[in-house]
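Read the structure below first, then the notes.
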Amino acid sequence: MTIRVVVADDQELVRAGFGMILDAQPDIEVVAEACNGAEAVEAVAAHRPDVLLLDVRMPVMDGLEAARRVCAEHPETKVIMLTTFDIDDYVYDALYAGASGFLLKDVRRDDLAHGVRMVAAGEALLAPSVTKRLISEFAARGPAAGPAAGARTPSRLLEQLTAREQETLRLLARGLSNAEIAGELVVSEHTVKTHVSNVLSKLQLRDRVHAVVFAYEAGAVVAGDPR
């Protein structure tokens, strides 16, 4: 299957460079480019790509607003945020908006293609070390605004999970990889993958990163909790 990609960045050289790298891959096709957030939203609506590479800071409509619209209107499109900085406040807001991860603009060409493939396959584009930093920062920031009146709270949604699935969620929220979770639970990695899949499906989460956000909002883990 060919992974269809839209590249959105206000710097022409960045757009062209990323486009050339991705188009050179046998399984990736860049179907459109955009120079601002509004164009990115329009391009996604027109082309329905598998992945949107989206710069955080752009004119007309910034990347955060574009991410919110794309994730809400076209959930089948995975969003990767492009940023100059390793971890910044915009990244956390982007994850709340529904983005599946981020890449630095100085990413190596092999890592760029690999990242697109990962996200297209439904994985979160955050290395375990970065996930752990994200967790630490997220815990310090606290949860997002509470749910709307009448909405089911994260803690109520948590009740849908079995005891083993809840434990898997807590370990995910600590930033553990599948292999590390398998070691903690004394099960195979295949079993862990099944638990993770069930957690994401039951809670209707996009990927592992959003499982981390959910875990804190639901109170499954708290800042400083070693478990």
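Note that the numbering runs from 1 along the sequence shown for the chain.
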Worksheet item: Quick one: are Asp27 and Met1 in side-chain contact, heavy atoms under 4.5 Å?
Response: no
Worksheet item: So Thr77 and Val51, side-chain contact (heavy atoms from CB on, under 4.5 Å) or not? Walk me through it.
Response: CA-CA 5 Å; Thr77 297; Val51 176; 5.9 Å; no
Worksheet item: Is there side-chain contact between Phe18 and Val30, with heavy atoms separated by less than 4.5 Å?
Response: no
Worksheet item: CZ of Phe214 to CG of Leu200: how many Å apart, nearest 0.5 Å?
Response: 11.0 Å
Worksheet entry | Among Gln160, Lys202, His195, side chain to side chain donor-acceptor pair (under 3.5 Å) partner for Glu165 | Lys202
Discussion item. Is a donor from one side chain sitting under 3.5 angstrom from an acceptor on the other, for Thr191 and Ser188?
Written reply: yes
Item to complete: Using the side-chain contact (heavy atoms from CB on, under 4.5 Å) rule, take Asp62 and Arg57 through it: C-alpha gap first, then chi angles, then the decisive distance, then the call.
Response: CA-CA 5 Å; Asp62 66 25; Arg57 299 177 179 86; over 6 Å; no
Discussion item. For Leu161, run the side chain to side chain contact (heavy atoms under 4.5 Å, CB included) check against Asn198, Leu203, Thr168 and tell me which one passes.
Written reply: Leu203
Worksheet entry | Ile28 side chain near Val116 side chain, heavy-atom distance below 4.5 Å | yes
Worksheet item: Can you check salt bridge (Lys or Arg N to Asp or Glu O under 4.0 Å) on Glu65 and Arg69, steps first, answer last?
Response: CA-CA 6 Å; Glu65 180 59 27; Arg69 296 195 184 187; 3.0 Å; yes
Worksheet item: Is any side-chain heavy atom of Val187 less than 4.5 Å from a side-chain heavy atom of Val192?
Response: yes
Discussion item. Just checking Glu76: does its CD atom have more than 12 heavy atoms from other residues, nucleotides or ligands closer to it than 6.0 angstrom?
Written reply: yes
Item to complete: Would you indicate whether Gln204, at its atom CD, is surrounded by more than 12 heavy atoms from other residues, nucleotides or ligands within a distance under 6.0 Å?
Response: no
Worksheet item: Which atom names give the shortest non-hydrogen contact between Val119 and Ser100, and what distance separates them?
Response: CG1-CB, 4.0 Å
Item to complete: State, with a plain yes or no, whether a side-chain heavy atom of Cys35 is found less than 4.5 Å away from one of Arg15.
Response: yes
Worksheet item: Between Asp9 and Lys105, is the closest basic N to carboxylate O distance under 4.0 Å?
Response: yes
Discussion item. If I take atom CD from residue Gln25 and atom CE from residue Met20, how far apart are they, to the nearest 0.5 angstrom?
Written reply: 12.0 Å
Worksheet item: Charged N to carboxylate O below 4.0 Å: is that the case for Lys78 and Asp50?
Response: no
Worksheet item: Applying the 4.5 Å side-chain criterion to the ILVMFWY set and letting contacts propagate, would Leu104 and Leu54 be lumped into a single cluster?
Response: yes
Worksheet item: Do Asn36 and Met61 pass the side-chain contact (heavy atoms from CB on, under 4.5 Å) test, and can you show the C-alpha distance, the side-chain angles, and the key distance before you say yes or no?
Response: CA-CA 6 Å; Asn36 59 60; Met61 178 191 297; 5.7 Å; no
Fill in: Derivation and outcome, side-chain contact (heavy atoms from CB on, under 4.5 Å), residues Glu29 and Ile3
CA-CA 6 Å; Glu29 177 189 5; Ile3 301 170; over 6 Å; no
Practice prompt. Calculate, to the nearest 0.5 Å, the distance between atoms CG and CG belonging to Leu82 and Asp55 respectively.
Written response: 6.0 Å
Response to the item:
Closest heavy-atom pair, Cys71 versus Val79, reported as atoms and distance to 0.1 Å, is SG-CG2, 3.8 Å
Practice prompt. State, with a plain yes or no, whether a side-chain heavy atom of Glu39 is found less than 4.5 Å away from one of Met58.
Written response: no
Worksheet item: So do Leu112 and Leu53 actually touch side chain to side chain, heavy atoms under 4.5 Å?
Response: yes
Worksheet item: Can you tell if the side chain of Pro49 reaches within under 4.5 Å of the side chain of Val5, non-hydrogen atoms only?
Response: no
Fill in: Verdict with reasoning, Glu167 to Arg170, per salt bridge (Lys or Arg N to Asp or Glu O under 4.0 Å)
CA-CA 5 Å; Glu167 181 64 14; Arg170 283 191 286 271; 2.9 Å; yes
Worksheet item: What are the two closest heavy atoms between Leu52 and Ala40, and how far apart are they?
Response: CD1-CB, 4.4 Å
Worksheet item: If you take all heavy atoms of Gln166 and Leu158, which pair is closest and at what distance?
Response: NE2-O, 3.4 Å
Worksheet item: CE of Met118 to CG of Leu103: how many Å apart, nearest 0.5 Å?
Response: 9.5 Å
Worksheet, complete the sentence: Heavy atoms of Ala215 and Ala173 approach each other most closely as CB-CB, 3.6 Å
